[in-house]
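Report on one structure; see the data block that follows.
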Amino acid sequence: MTRTLSNDIKNQLIHDSLGYLLEDTLIEEIIRVGQLREVEADDIILNVGDNMKMIPIVLKGSIKVSRESNDGDELLLYYIEGGDTCAMTLQCCVRNSASEIKATSMEKSLLLMIPVDMMESWMQKYKSWREYILQSYHTRLTELMETVDAIAFMRLDERLLKYLVDQAKLLGSLEINLTHQKIAEDLHSSRVVISRLLKQLEIKGKIKLQRNRIILGSI
DNA sequence: ACATTAAGTGATT
DNA sequence: AATCACTTAATGT
């Protein structure tokens with residue numbers, strides 16, 4: 001939660017990220033009720049079992065959404081980037097049920113929190129809001145299918161490479177600062193296996209390995 | 001110098 | 001592809 005940013009900056013940010021998507025009167029309402037929230041890298045925004053009463057829209061940065069099993073095993077589902085929101089959160093907000101997913105920030109990010117109560121009235125009032133939400137659902141579903149495909153049809157080494165490339169694209173850097181352990185968690189594999197596959201990728205010249213860091217040759 | 005954590009390796013299932 | 005058990009390397013105090 002931050003109050004340190006001036007309202008001017010807040011308004012500017014909202015206009016920049018959402019202005020071309022949503023009608024002006026709605027933007028004004030968003031500015032009125034939305035709260036900015038700054039998160040650091042690796043902050044947990046939403047955990048499994050949480051009850052959210054605010055819907056986050058990502059203004060800056062990116063969020064990782066993952067599934068978690070009872071015993072703490074994870075699986076990466078998809079990412080959310082600037083200007084986008086998470087449909088799953090929406091659903092669990094409206095039904096006021098516990099979250100099925102976990103959301104973690106990948107980098108220092110800026111979120112705009114919208115109280116759930118606004119949702120329903122906006123759905124009625126604003127065509128652009130309905131379209132925005134629907135579009136969000138669609139995007140999420142498409143991305144989800146892509147991950148399902150990856151899990152079902154790709155070998156783990158292909159999946160790993162895709163993961164690295166996605167990561168690089170998202171954070172806009174060929175240097176990926178992750179441990180093998182973290183990668184193994186996202187892909188729901190084990191560290192040893194990931195280490196070995198990474199070694200193979202290095203031998204093939206696709207990446208360079210350092211401690212806590214992987215450098216991609218190209219995207 | 002020592003402890004801690006990340007990464008590498010061989011063997012086994 | 002996963003797991004175990006162990007080694008080696010890098011890093012923080």
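Sequence lines set the chain letters: A, B, ... in the order given, protein chains first and strands last, and positions in each chain run from 1.
Ring geometry, A/Y126 versus A/W122: the interplanar angle exceeds 60°, so the pair is classed perpendicular (tilted spans 30 to 60°).
For A/N47, the side-chain contact (heavy atoms from CB on, under 4.5 Å) partners are A/I44, A/D50, A/K102, not counting sequence neighbours.
Taking the side chain as every heavy atom from C-beta outward, A/E68 and A/E100 never approach each other to under 4.5 Å. No side-chain heavy atom of A/V39 sits under 4.5 Å from any side-chain heavy atom of A/K108. A 4.5 Å side-chain heavy-atom check between A/N177 and A/N212 finds every atom pair outside the cut-off. Looking only at side-chain heavy atoms (C-beta outward), A/I214 and A/K208 stay at 4.5 Å or farther from each other. With contacts defined as side-chain heavy-atom distances shorter than 4.5 Å, the pair A/I63/A/Y79 does not qualify. Here the side chains of A/L156 and A/S189 are in contact, with some heavy-atom distance below 4.5 Å.
Contacts with DNA chain C (heavy atom under 4.0 Å) in residues 206-213 of chain A: A/R211, listed by number. At a non-hydrogen distance threshold of 4.0 Å, A/H180, A/R191, A/V192 from residues 180-194 of chain A come into contact with DNA chain B. Near DNA chain B, meaning a heavy atom under 4.0 Å from it, residues 151-164 of chain A has no residue at all.
Listed here is the closest heavy atom pair of A/S128 and A/L21: CB-O, 3.6 Å.
The pair A/K127-A/E23 does not count as a salt bridge, with every side-chain nitrogen at least 4.0 angstrom from each carboxylate oxygen. Using a 4.0 Å cut-off between charged side-chain N and carboxylate O, A/D186 and A/K64 make a salt bridge. Salt bridge annotation for A/K206-A/E202: absent, with no cationic side-chain nitrogen under 4.0 angstrom from a carboxylate oxygen. A salt bridge is defined here as a Lys NZ or Arg NE, NH1 or NH2 lying under 4.0 Å from an Asp or Glu carboxylate O, and A/K162 with A/E146 meets this definition.
Judged by distance alone, the side chains of A/E107 and A/S62 do bring a donor and an acceptor atom under 3.5 Å apart. A side-chain donor from one of A/Q135 and A/T139 sits under 3.5 Å from a side-chain acceptor of the other.
First and last contacting nucleotides of DNA chain B toward chain A (any atom under 4.0 angstrom from a heavy atom, 5' to 3' order): B/dT5 to B/dA11. The outermost nucleotides of DNA chain C lying under 4.0 Å from heavy atoms of chain A, listed 5' to 3', are C/dA1 to C/dT11.
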